[in-house]
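So the structure is just underneath, and the comments pick up after that.
Bear in mind that the values here come from a model prediction, so they are computed numbers and not experimental data. Note on naming: letters A, B, ... go to the chains in the order of the sequence lines (proteins, then strands), and numbering restarts at 1 for each one.
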Amino acid sequence: AQSVTQPDIHITVSEGASLELRCNYSYGATPYLFWYVQSPGQGLQLLLKYFSGDTLVQGIKGFEAEFKRSQSSFNLRKPSVHWSDAAEYFCAVGGVGAGNMLTFGGGTRLMVKP
Amino acid sequence: DSGVTQTPKHLITATGQRVTLRCSPRSGDLSVYWYQQSLDQGLQFLIHYYNGEERAKGNILERFSAQQFPDLHSELNLSSLELGDSALYFCASSAGTSGTGAKYFGPGTRLTVT
């Protein structure tokens, strides 16, 4: 069965600092990996996705993520955080044979200090 | 704005009652997915429909059912409601059934069972 672990429930960073959110997945085949962001009271917005090719993927809002098969990880990064990035971030895994369903991690809540 | 609409935005009802949540996918999308987000279970996949046919089931209770109509909108029916059914219910849509396709989420329906 597929699973996703986001080890950090809360993270606080200062505005302008760099950010890395961790995501580890378990999946028996080639995974399709996604990062979503959820602002308070909002739905989930897709930041980026990976399913093949270059292991460093660029997304919206200046985010990027790197797929590392050997570590079963897909960490999300941003070089300089803005106050508007405060939200909850979800990593998700899907793939062939997964019935096209996404399995989400528990989420990481990001707080940004001025 | 993802292009996915959900109604109503909020729903408050009593235990034992039945409610219907409605979702309209993005224009052109044939797949509709339902997810439940609760504090204790996180984001859980419920069910997937493609062009009117059920394609996959996740952790959906027998008291819950869904359907997708010829105009591609979908409804999630929740019956014999319990306090534990209080959650945010999201609908997502995608163009096809490929696992690589981005899934666009609606703003959600917040259900409160009292």
Side-chain angles (χ1 to χ4, degrees), chain A residues 1-10 23 25 27-54 57-60 65 67 74 87-109, chain B residues 1-7 9-10 21 23-26 29-51 53-60 66 87-110:
Chain A
Q2 60 208 60
S3 66
V4 177
T5 301
Q6 294 180 246
D8 305 304
I9 298 175
H10 292 101
C23 171
Y25 69 89
Y27 190 70
T30 300
Y32 302 148
L33 294 158
F34 304 80
W35 274 100
Y36 283 85
V37 61
Q38 184 180 25
S39 298
Q42 303 292 316
L44 286 88
Q45 182 182 22
L46 179 66
L47 287 176
L48 47 79
K49 62 177 181 174
Y50 169 82
F51 52 90
S52 67
D54 193 345
V57 293
Q58 303 297 320
I60 62 171
F67 171 59
F74 188 57
E88 188 145 22
Y89 292 79
F90 293 92
C91 180
V93 66
V96 175
N100 204 19
M101 60 177 262
L102 290 180
T103 296
F104 284 86
T108 297
R109 183 166 297 279
Chain B
D1 184 355
S2 67
V4 178
T5 60
Q6 289 186 249
T7 56
K9 204 165 185 177
H10 300 277
L21 313 184
C23 166
S24 292
R26 289 190 325 152
D29 284 357
L30 299 179
S31 273
V32 168
Y33 312 82
W34 286 96
Y35 285 82
Q36 179 195 59
Q37 184 180 35
S38 62
L39 283 176
D40 53 345
Q41 299 286 331
L43 266 162
Q44 296 222 317
F45 167 72
L46 295 178
I47 198 162
H48 168 211
Y49 275 84
Y50 175 76
N51 204 20
E53 289 187 9
E54 180 186 303
R55 282 299 187 100
K57 262 186 176 177
N59 297 320
I60 188 165
L88 199 47
Y89 291 85
F90 286 110
C91 163
S93 74
S94 67
T97 59
S98 167
T100 62
K103 293 168 181 57
Y104 296 89
F105 281 75
T109 293
R110 182 167 295 281

For B:Leu39, look at atom CG and say whether over 12 heavy atoms of other residues, nucleotides or ligands are found less than 6.0 Å away.
-> no
Rounded distance (nearest 0.5 Å) linking atom OG of B:Ser94 with atom CG of A:Leu46 | 11.5 Å
Toward chain B, the part of A:Phe90 with a non-hydrogen atom under 4.5 Å | side chain
Chain A heavy atoms under 4.5 Å from B:Ile47: which part of the residue, side chain, backbone, both or neither?
-> neither
Non-hydrogen atoms of B:Phe90 and A:Gln38 that approach each other most closely | CZ-NE2, 3.3 Å
Is the shortest heavy-atom distance from the side chain of B:Tyr35 to the side chain of A:Leu44 under 4.5 Å?
-> no
Go through the atoms of B:Gln37 and report whether side chain, backbone, both or neither lie under 4.5 Å from a heavy atom of chain A.
-> side chain
Please say whether more than 12 non-hydrogen atoms of neighbouring residues, nucleotides or ligands are located less than 6.0 Å from CZ in B:Arg110.
-> no
